[in-house]
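Structure record follows, encoded as structure tokens.
Lettering follows sequence order; numbering is per chain, from 1.
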Protein chains: 2
Amino acid sequence: MAHKATIGFSESENQLARFAKALGHPARIAILKQLANMNCCFCGDIVEELPLAQATVSQHLKELKESGLIHGNIEPPKVRYCIDQVNWEKAKKLILELFTINLSTL
Amino acid sequence: MAHKATIGFSESENQLARFAKALGHPARIAILKQLANMNCCFCGDIVEELPLAQATVSQHLKELKESGLIHGNIEPPKVRYCIDQVNWEKAKKLILELFTINLSTL
DNA sequence: CGTATTCATCGTACATTTGCGATGAACAAT
DNA sequence: ATTGTTCATCGCAAATGTACGATGAATACG
């Protein structure tokens, strides 16, 4: 018995948790910073910047894709990864909502 | 062989990932929302609000404590949990830095 | 002292995550 | 056709995470 997760929580709580989970590893933070800085990057450029094997980076990219925060376009023989602006803004909004709940009550 | 994590990344990347990881579960989001709304809560109040057993909630509270986002004060026979304002602001700042990297380049 | 309340921790079971080498798929160029 | 490049996926091993019941620790109350 393990892992109800998501069951019994609001959709925005689940969505925020999914975004946060995607941010919950330093490699993925580094990837997102790089993508945000350069707007778009080839997969190979990202692999070069990280202290991880290509297979591992590919896995982190997959998780970021599944969270919706990035997307990848095939441009043979490379793949160009970009921040997904829509979900990026959605994540920012959800996180800011959480962090600004109690500003007035202090 | 698994889990270098943290090794080879900057301290701010690691810190941000730790905060994000703490936010990466809907139960912990729900707990933080409750704490932020009421400023402080007794542990029992939190357990009542969540669809989880007391032991599970206690574990989530422990993780939030270890991330630094909250702290707990014993007020027998209860325990009062509060947002840790210092780390809360630190987390907010780190996350906002990430999300505002590329605003000008669009 | 015995009992009740509140919460943490232990032990267990199972799922997920992390990381890597090896392999596969797709395509370009020789 | 063979080769090289780029990247995804598979298969494996080990670490972490999630959830719960049971138990333990601390305190207050009778």
Side-chain angles (χ1 to χ4, degrees), chain A residues 1-9 13-14 17-31 34-35 40-67 69-82, chain B residues 1-9 13-14 17-31 34-35 40-67 69-82:
Chain A
M1 248 154 286
H3 284 203
K4 319 188 194 180
T6 79
I7 320 171
F9 300 98
E13 283 166 350
N14 287 329
R18 275 193 297 271
F19 284 140
K21 195 171 186 179
L23 298 175
H25 191 289
R28 294 193 290 269
I29 295 289
I31 290 171
Q34 193 176 353
L35 290 183
C40 277
C41 271
F42 291 117
C43 175
D45 302 332
I46 297 169
V47 172
E48 276 180 6
E49 293 293 320
L50 298 181
L52 296 170
Q54 181 264 324
T56 308
V57 173
S58 200
Q59 229 170 254
H60 283 303
L61 287 167
K62 186 183 177 187
E63 286 176 55
L64 285 170
K65 257 193 298 182
E66 285 170 355
S67 78
L69 288 173
I70 71 173
H71 52 78
N73 299 327
I74 302 177
E75 299 184 16
K78 300 191 172 186
V79 177
R80 182 187 295 274
Y81 282 100
C82 306
Chain B
M1 246 153 289
H3 283 204
K4 325 186 191 181
T6 82
I7 320 172
F9 300 99
E13 283 166 350
N14 287 329
R18 276 194 297 272
F19 284 140
K21 197 170 185 176
L23 299 175
H25 192 289
R28 294 195 290 270
I29 294 289
I31 290 171
Q34 193 177 353
L35 289 182
C40 277
C41 270
F42 291 117
C43 175
D45 301 332
I46 298 170
V47 173
E48 278 180 5
E49 293 293 322
L50 298 181
L52 296 170
Q54 180 263 326
T56 307
V57 173
S58 202
Q59 229 170 252
H60 284 303
L61 287 167
K62 186 184 178 187
E63 287 177 54
L64 286 170
K65 258 194 295 181
E66 284 170 355
S67 78
L69 287 173
I70 71 172
H71 52 77
N73 300 326
I74 301 176
E75 297 184 17
K78 300 191 174 186
V79 176
R80 182 188 296 273
Y81 282 100
C82 306

Which nucleotide, D:dA8, D:dT9, D:dC20, lies nearest any side-chain atom of A:C43? D:dA8
If a pair satisfies side chain to side chain donor-acceptor pair (under 3.5 Å) and one of its residues is in residues 51-67 of chain A, list it, with sequence neighbours excluded. A:R28-A:H60, A:R28-A:E63
Between A:H60 and C:dT17, is there a contact of a side-chain N or O with OP1 or OP2 at under 4.0 Å? no
Is there any protein nitrogen or oxygen under 3.5 Å from a nitrogen or oxygen in nucleotides 22-30 of chain C, and what are the pairs?
none

Considering only side-chain heavy atoms of B:H25, which listed nucleotide, D:dT18, C:dC7, D:dA8, is closest? D:dT18
With sequence neighbours excluded, give me every salt bridge (Lys or Arg N to Asp or Glu O under 4.0 Å) pair touching residues 46-58 of chain A. none
Figure out the CG/P separation between B:L52 and C:dC7, and round it to whole Å. 16 Å
Taking five pairs at each end of the helix from C:dC1-D:dG30 to C:dT30-D:dA1, what angle separates the two helix axes (nearest 10°)? 0°
Return a table of donor-acceptor pairs under 3.5 angstrom between the side chains of residues 69-77 of chain B and protein atoms on other chains or two or more places apart.
unit_1, atom_1, unit_2, atom_2, d
B:E75, OE1, B:R80, NE, 3.4
B:E75, OE1, B:R80, NH2, 3.4
B:E75, OE2, B:R80, NE, 2.8

Using a cut-off of strictly less than 4.0 Å, decide whether A:T56 has a side-chain nitrogen or oxygen near OP1 or OP2 of C:dG19. no
Of the candidate nucleotides C:dT18, D:dC7, C:dG11, which contains the atom at the shortest distance from the side chain of A:Q59? C:dT18
Can you find a side chain N or O atom of A:K21 that sits less than 4.0 Å from OP1 or OP2 on C:dT16? no
